[in-house]
Amino acid sequence: MSQEPEDVKPKLNLNIAFDGTQITVKVKANMKFAKIFEAAEKRFGKDPGMMMVVLASLLFQQLHVSAIGTLRFTYEGNRVQPTQTPAELEMEDGDQIDAFLQQFDL
Amino acid sequence: MHPRKRPAAEPILPVRDPKSPRLHKIDEAADQALSARWAKVGREFAYLVIDTAWSLALLTSMPALGSDRVSDSMSSATPTPRNESASEDVHFPEPRSNPLTYTPPSSSNTELPRDSDTPTAHDNAHDSTRTHTDLPTIEESPSPPQKHFEPSSAFASDPSGSNASSEGRYILSSPSRSAEQDSKEDALRAMESLRLDSSSNSLRSSQVSDTFTETSRDSRYSQRSSDRSSANPKSRNRRREHIYARVHDARVRRDRKELREEMAQELYELKRKQGYSSGYQDFKGLLDYQRRLNNLDHDHGLLPTRPFKFKRQLPQTDELDEAFLQRAIERAKATLSSPKPPKPYAPTFEQLLEFQRKRDEAIERRLRPPVPPLPTSLPPEDEQQVSQLLRKRGVISKFAREQVSDQDIARLQPGQWLNDEIINFYGAMILARSEASKENPGAKKQSSRGRKTPLNAHYFSSFFWTKLTEEGYEKGRLAKWTKKIDIFSKDVILIPVNHGNSHWTAAAINFRQKRIESYDSMNMAKERVFKALRRYVNDEHMNKKKKPFDFTGWTDWAPETTPQQENGYDCGVFTCQFLESLSRGEENFNFSQKDMRYLRRRMIWEIGNAKLRDDP
């Protein structure tokens with residue numbers, strides 16, 4: 001990548017919080033969230049304890065779902081769709097995105 | 001007593017000596033006077049005893065009846081002298097020669113039939129014998145013929161009165177009268193003689209005095225006229241009492257009284273049916289008064305109540321009463337059978353209760369109109385659409401920032417659990433509707449036929465609760481969730497609550513009603529919800545308004561009437577419907593477990609079309 005886009009489109013440091021742990025991702029403002037979510041899920045998925053939880057919930061539900069789509073990401077209370085970009089949501093440096101596991105009822 | 005006084009009494013003895021010639025002309029008058037006085041004393045005593053007994057029996061037990069009889073005796077007493085005088089006038093030419101006896105005017109003769117027609121007249125002869133003392137008072141009454149009595153001395157009026165009883169008896173049966181009157185008076189005479197006997201024999205002294213007067217009278221009659229002396233033995237025989245006469249008399253009187261009582265009771269019952277509300281005693285008083293008014297034609301007028309000393313039970317009042325009662329009963333029955341007049345409205349206690357209940361129900365209906373039951377299925381074309389949506393793959397529907405895939409919507413099929421996608425999608429639609437109605441109030445009114453208008457609501461996604469409980473207000477950065485809104489200006493904040501990833505409930509912060517609300521289809525622990533939300537509201541207020549929130553008047557609200565689920569998988573649907581109803585300000589949820597199948601189909605349609613249905 002050239003240096004010019006860095007100047008024109010500065011990177012944002014976004015915090016992604018999930019179950020008490022927080023990761024920081026450096027993203028471009030016009031980058032689709034799909035890519036960010038994939039990275040986040042990988043990161044969280046590397047945590048063995050977390051994988052256990054995810055797998056346990058998946059097994060318990062007896063549903064085969066891919067890792068993508070298992071987590072829900074919200075920004076300021078609103079759902080963030082993979083097709084959106086940080087620019088659309090007017091995100092600023094240091095903003096936090098919340099990740100949640102899929103919620104079920106009984 | 002002083003012994004010297006004794007001789008002084010002896011000179012009186014010859015005067016009372018029974019051996020002295022009684023038939024002597026001069027002594028006869030003295031004897032008569034004496035005997036008459038004795039008779040008077042005896043009778044008065046007898047009447048005093050009878051009156052006392054009657055007054056005691058009647059005045060104590062039934063005062064109304066007692067007063068009734070007083071008036072009767074009063075009314076019957078007045079025509080007495082007339083009848084007596086008339087009978088003397090017709091059948092006794094002889095008394096005319098006597099300057100002391102009364103010669104009645106011819107007008108009294110014409111009056112006689114009318115008097116005898118009235119039931120009161122039959123006892124006149126009897127009255128005349130016993131009302132010697134009453135005579136002065138009777139003479140004061142305004143009828144002209146009685147004025148003639150006044151000049152006559154008490155001595156002269158005495159025998160004429162006592163004669164009338166014996167004379168009237170056979171004179172009344174004379175052929176100058178009509179046969180009808182005869183038969184009537186025969187019966188009356190028989191009764192009268194019984195009464196006379198019973199009254200005269202009630203005391204021995206009076207009996208003795210009676211015989212005294214009779215003998216003296218007899219002697220006088222024999223001197224006066226020969227034809228009358230022939231009748232004397234007859235009258236004497238009649239005077240003798242039949243052995244069962246008194247028993248019979250008592251029985252007749254008792255039966256009469258019972259009959260009268262029965263009739264009065266019957267009439268009373270009839271009147272009660274027509275709405276008479278007072279007691280029986282009052283009713284008897286009323287009857288008496290009516291009867292008195294009714295008899296104004298026959299009597300001289302509505303006379304004031306007699307003084308006590310004249311109160312006497314006159315048997316003829318019974319008959320009058322019976323006839324009167326019979327008429328009254330017939331009248332009452334006729335009134336009952338005829339169409340009733342409009343009665344004044346007097347509601348009973350039950351009616352009042354019913355009225356109150358109905359009014360309360362009407363108010364309740366006005367406040368909370370009954371919600372019609374939900375239909376069992378969508379319209380046919382919509383059902384078809386739902387089936388198509390269920391067959392669709394990939395992303396089914398997008399709304400705002402929410403989207404629903406086929407996997408999510410498949411959860412709306414019966415028996416499946418709902419996930420956050422469905423809940424949040426539904427919540428987003430609720431939020432959008434609320435905002436749309438806020439921006440376009442005209443359309444809102446048009447769209448909400450029969451349903452309550454959407455409130456100014458805010459919807460927090462299902463992650464709000466997770467954040468709030470797991471990280472708290474500060475760490476979870478919940479202040480940023482309301483960057484663009486002021487929750488304190490909203491009517492209601494709707495929050496889906498996920499309990500431990502296993503149960504959905506609906507919570508609400510109701511700023512209009514000042515309530516923290518929790519609607520749980522399993523009716524489980526809600527204290528945690530109340531506690532957490534109260535803390536959130538306070539923290540939010542501190543963050544945005546820089547001062548603690550005033551919880552004065554705020555209550556926790558978890559109504560018992562919340563619809564309950566009957567299985568293990570419908571709580572998500574219940575929660576969605578709670579939130580939807582709450583956003584409309586509806587507090588009476590009109591759905592229950594039986595509506596779940598319909599509501600699931602309906603939610604599929606709503607999510608598929610990204611539009612909340614307005615129809616119930």
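Reminder, nothing fancy here: chain letters follow the sequence lines and each chain counts from 1.
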Legend entry - NZ/Lys544(B): more than 12 non-hydrogen atoms of other groups inside 6.0 Å: yes

Inset, instruction - Might you confirm whether atom CZ of Arg597(B) has over 12 heavy atoms from other residues, nucleotides or ligands at distances under 6.0 Å? - result: no

Inset, instruction - Considering only NZ, NE, NH1 and NH2 on the basic side and carboxylate oxygens on the acidic side, decide whether Glu76(A) and Arg477(B) come within less than 4.0 Å. - result: no

Inset, instruction - Give the intermediate values and the outcome of side-chain contact (heavy atoms from CB on, under 4.5 Å) for residues Glu421(B) and Arg79(A). - result: CA-CA 10 Å; Glu421(B) 299 279 22; Arg79(A) 187 69 182 272; 2.6 Å; yes

Inset, instruction - Give me the contact list for residues 480-491 of chain B versus chain A, heavy atoms only, anything under 4.5 Å, ordered by residue number. - result: Lys480(B), Trp481(B), Lys483(B)

Legend entry - Close side-chain approach of Phe100(A) and Thr466(B), heavy atoms under 4.5 Å: yes

Inset, instruction - Please examine the side chains of Asn419(B) and Arg72(A), heavy atoms only from C-beta on, and report whether any two atoms are closer than 4.5 Å. - result: yes

Legend entry - chain A contacts, top residue of Lys467(B), Glu470(B), Glu471(B) (heavy-atom pairs, under 4.5 Å): Lys467(B)

Inset, instruction - Drop me the distance from Thr83(A)'s OG1 to Gln403(B)'s CD, to the nearest 0.5 angstrom. - result: 6.5 Å

